[in-house]
2 protein chains.
Amino acid sequence: MNQAEILNALIADNLVSDPKGARGRLLKEAARLFRDKGYERTTVRDLAAAVGIQSGSLFHHFRTKEEILKAVMVETIHLNTALLKTAVERAQTGVARLRALIRAELESINGQTGEAMAVLVYEWRSLSETSQAEVLKLRAIYEQVWLDVLAALKAEGQLLADPFVVRRMLTGALSWTITWYRPEGGGLSLDGLTDQVMAMMAFPR
Amino acid sequence: MNQAEILNALIADNLVSDPKGARGRLLKEAARLFRDKGYERTTVRDLAAAVGIQSGSLFHHFRTKEEILKAVMVETIHLNTALLKTAVERAQTGVARLRALIRAELESINGQTGEAMAVLVYEWRSLSETSQAEVLKLRAIYEQVWLDVLAALKAEGQLLADPFVVRRMLTGALSWTITWYRPEGGGLSLDGLTDQVMAMMAFPR
DNA sequence: GTTTACAAACCAAGCGCTTGCTTGGTATGT
DNA sequence: ACATACCAAGCAAGCGCTTGGTTTGTAAAC
């Protein structure tokens, strides 16, 4: 299963909107705007203009503005959980699995789904408490993939620190890359960046 | 120089507002509200109510709402740069200096100035570009303290990764603690948390 | 192969409310 | 006497969302 096949499977299961459809296009533009300007500073008029419709017409697809934010988050988690799982399944050793997770999350954040991932991390407060609980359930599945790998590494003695703490540190460190990492222009590649994270944790290449 | 003395020196130099004065109290409440609800969701009426005045009266102290945000950020940087410098000066070895920096930043984020530090990190987008440039200049001084210590560690061979990348990773990891770390209730202490960060980088205790 | 039916997608207009900020005036301390 | 700190009232603009009606796509009925 490559990336495109995973995406298509999720679209078929109605877990992710087809980016060619009206709803999918709107969510993509919403993710971009929410990341660039923040949820609060993005108006429904901005969102509508980005897909070329009137602001009122948005509410034919979504009941509220917040529902758009939630949809961006939910679909992003579905997609990235699937991507993360296949990435980790391919690796053979504990260290290789950690590397695969770091590489996959960096790709989520700085690749195609980057806008939506940034929204997921930094616009959390703008969700209602009900929606937060809903999204949190989905996130837990994603997090468990990480925790399993880190716990195994700890048991092997390759990790000195607590798996839960390490995961949280890596969450912050990796998501923060969106504020400074710019792959274009011949700088650090995604693989190079992954190497750096591993080296910071004193895992030699 | 202890923490209180540093604060008093900065107040005397007019770099930080006295928290007992009207302006200082307002900035403290503003930091709390901006962190809890976000800058955009916090109204000038919220800010005024928090210090017990009318919303219009705010504009006697600050010309715009954004100026309040900028003041929170600028004063926080001034204070924490001073705290960081004294922390690093006390340590003797390279590893000890790194530990002192981590410990000091964790204290900034999770201690007294935590609200303001969170605002500094997560409300950046809400600043006008002019203000961003201004605040960035001050941040550069703070960052240089970190980079000097990390570069020395790299030269000693105790650090495998690039100092700039490590600093950015740590910025993300440490600031992210505000979203999950809760010292109260007998969990991890600030020293314990610092140990965990060092252990993640494979520095034994 | 045209007509009819009907839902999905969208527009044009605007309502009610909240927002940041202004204005003109009044206490208060020195 | 004069500046500092505040209040009471409200304005103009922008906000999320609603409403009533029109277009468009699709597919069965004739």
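Naming: A, B, ... by sequence-line order, numbering from 1 per chain. Quick caveat, the model's predicted, so the values are computed rather than measured.
Checked for salt-bridge contact, B/Arg139 and B/Glu143 meet the test: a charged N lies under 4.0 Å from a carboxylate O. A/Glu105 and A/Arg167 are joined by a salt bridge, as a carboxylate oxygen and a charged side-chain nitrogen come within less than 4.0 angstrom of each other. Between B/Lys85 and B/Glu89 there is no salt bridge, since no side-chain nitrogen of the basic residue lies less than 4.0 Å from a carboxylate oxygen of the acidic one.
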For nucleotides 14-17 of chain D, list the nitrogen or oxygen atoms of the protein found under 3.5 Å from its nitrogen or oxygen atoms, one pair per line.
{"from": "D/dG16", "atom 1": "OP1", "to": "A/Lys65", "atom 2": "NZ", "distance (Å)": "2.8"}
{"from": "D/dG16", "atom 1": "OP2", "to": "A/Val44", "atom 2": "N", "distance (Å)": "3.0"}
{"from": "D/dG16", "atom 1": "N7", "to": "A/Arg45", "atom 2": "NH1", "distance (Å)": "3.1"}
{"from": "D/dG16", "atom 1": "O6", "to": "A/Arg45", "atom 2": "NH2", "distance (Å)": "3.0"}
{"from": "D/dC17", "atom 1": "OP2", "to": "A/Lys65", "atom 2": "N", "distance (Å)": "2.8"}
{"from": "D/dC17", "atom 1": "N4", "to": "A/Ser55", "atom 2": "OG", "distance (Å)": "3.4"}

Taking only nitrogen or oxygen atoms into account, show me every contact under 3.5 Å that the protein makes with nucleotides 7-10 of chain C, one pair per line with its distance.
{"from": "C/dA9", "atom 1": "OP2", "to": "A/His60", "atom 2": "NE2", "distance (Å)": "3.0"}
{"from": "C/dC10", "atom 1": "OP2", "to": "A/His61", "atom 2": "NE2", "distance (Å)": "2.8"}

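The closest side-chain heavy-atom distance from A/Val72 to A/Glu123 is not below 4.5 Å.
Counting heavy atoms of neighbouring residues, nucleotides and ligands inside a 6.0 Å radius, atom CD of B/Gln112 does not exceed 12 of them. Counting heavy-atom neighbours within 6.0 Å of B/Gln92 CD, excluding the residue itself, gives a total of 12 or less. Heavy-atom neighbours of A/Phe164 CZ from other residues, nucleotides or ligands within 6.0 Å: at or below the threshold of 12.
A cation-pi contact links B/Lys65 to B/Tyr39, judged by a cut-off of 6.0 Å to the six-membered ring centre and 45° from its axis.
Between the CZ atom of B/Arg23 and the C1' atom of D/dC6 there is a distance of 17 Å, given to the nearest Å.
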